[in-house]
K.L.:
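There's a structure below that I have some questions on.
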Amino acid sequence: MDNLESQELALLLDPERIPRHVAIIMDGNGRWANRRGLPRIAGHRAGVNPVRDCVETCAQMGVEALTLYAFSVENWKRPRTEIDTLWRLLRFYLRRELPELNKNNVVLRVLGRLDALPAKVREEIDYAEERTQRNRGMRLNLAINYSGRAEILDAVNAVIAQARLAGTLDTLRLDEESISSNLYTSDLPDPDLLIRTSGEMRVSNFLLWQIAYAELYVTDTLWPDFSRTELMRAFLDFQKRERRFGGLVMKDPVPAAIAEDEWIEETAVSSK
Ligand code: IPE
Ligand code: IPE
Ligand code: MG
């Protein structure tokens, strides 16, 4: 833990209700740099340390999976020099953090259409994945060249291809399980908590299927300033939420005296 405040906040957490899967849209690097009169890439550089802190903290808190959005398929629209810097930083991060990931028993995986990445980046990813695959602790997913819609489409096409191979295409009916089991996250629980930094109230094509019932936490803090204290605040906020999954939490049951049928009849009459 980095400071007293984050330690104090951590003590307020219920260790039994730590989110199992945390997903983060790491946004605001450009704005962080702009505010300092620096080039956008300075913001990306400053965004590396919070990644390290988040990974370490989540691993220590017993989070099972942490999925970080690092590059979307839409991010190719950015200037070439910015994109090249992002690849350089990714390689730097993977190389520098590998010992730390192993120390924390973290299993790394990269989610996304990786064939579009420069060969050197793919090699670094393969190496880091290989070197951490025997770990048994937290799963760290980096979403790179990722698109939620593309992931769902890939899953649907995979189910169709499997059915064609098995000769069952004529009778194929898709269900939730057939999609879920063909997503990158097939072996993980859905995210319980989705954090977005920098205040934007949107999901930007991230984990569209998996976040169906995730609790959302948006903070104005820009990603390079996202500290352990902020993460603890998000966890505390999460623990205050009442997750209903479409059901009811029966704190105030309706008195049995009011029969449901009577109530329906009465409302029907009074609304005439
Ligand atoms: C997030 O920061 C990092 C990536 C999308 C790669 P941005 O680069 O989107 O920063 P803002 O949103 O322009 O401030
Ligand atoms: C989302 O941030 C993608 C990542 C954090 C990698 P963006 O900055 O690309 O999203 P928009 O453009 O604000 O929706
Ligand atoms: Mg952004």
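Just so it is clear, the model here is predicted, and its values are computed rather than measured. Whatever order the structure lists them in is the order used to number ligands and atoms, beginning at 1.
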K.L.:
Could you tell me how the ring of W87 sits relative to the ring of F71: parallel (under 30°), tilted (30 to 60°) or perpendicular (over 60°)?
P.N.:
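Plane angle between 30° and 60°, so tilted.
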K.L.:
Roughly how far apart are N75 CG and N145 CG, rounded to 0.5 Å?
P.N.:
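Separation between the atoms: 9.0 Å.
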K.L.:
Which of the atoms of ligand 2 are close to R202, meaning less than 4.0 Å from one of its heavy atoms?
P.N.:
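Selected atoms, number and element: 11 (P), 13 (O), 14 (O).
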K.L.:
How close do T219 and F226 get, counting heavy atoms only, and between which atoms?
P.N.:
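Smallest interatomic distance, heavy atoms only, reads CG2-CE1, 4.1 Å.
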K.L.:
Have a look around the Mg ion (ligand 3) and list protein N/O/S atoms under 2.8 Å, or say none.
P.N.:
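The answer is D27 OD1.
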K.L.:
Return the orientation label for the F245 and Y213 ring planes: parallel under 30°, perpendicular over 60°, tilted otherwise.
P.N.:
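Ring orientation, 0 to 90° scale: tilted.
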K.L.:
What residues form a side chain to side chain contact (heavy atoms under 4.5 Å, CB included) with T132, not counting sequence neighbours?
P.N.:
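Side chain to side chain contact (heavy atoms under 4.5 Å, CB included) check on T132 returns L98, L101, N102, L108, N135.
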K.L.:
With L90 as reference, evaluate L142, T85, V48 under the side-chain contact (heavy atoms from CB on, under 4.5 Å) test and give the passing residue.
P.N.:
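When side-chain contact (heavy atoms from CB on, under 4.5 Å) is applied between L90 and each of L142, T85, V48, only L142 qualifies.
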K.L.:
Quickly, which of L68, V110, V63 forms a side-chain contact (heavy atoms from CB on, under 4.5 Å) with L140? Name it, please.
P.N.:
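Of L68, V110, V63, side-chain contact (heavy atoms from CB on, under 4.5 Å) with L140 is met by L68 alone.
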K.L.:
Can you name the atoms of ligand 2, numbered from 1 with element, that are less than 4.0 Å from a heavy atom of R196?
P.N.:
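The atoms of ligand 2 under 4.0 Å from a heavy atom of R196 are 2 (O), 10 (O), 11 (P), 13 (O), 14 (O).
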K.L.:
If you count only heavy atoms, which residues are under 4.0 Å from ligand 1?
P.N.:
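Ligand 1 pocket, heavy atoms under 4.0 Å: M26, D27, G28, N29, G30, R31, R40, H44, A70, N75, R78, L86.
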K.L.:
Just to verify, what does R244 make a side chain to side chain contact (heavy atoms under 4.5 Å, CB included) with, not counting sequence neighbours?
P.N.:
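Residues passing side chain to side chain contact (heavy atoms under 4.5 Å, CB included) with R244: E242, V249.
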K.L.:
Do F238 and Y217 have side chains that get closer than 4.5 Å, going by heavy atoms?
P.N.:
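F238 vs Y217: side chains apart.
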K.L.:
Of the non-hydrogen atoms in G43 and W32, which two are nearest, and what is the gap between them?
P.N.:
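Distance-wise, the nearest heavy atoms are CA-CE3, 3.7 Å.
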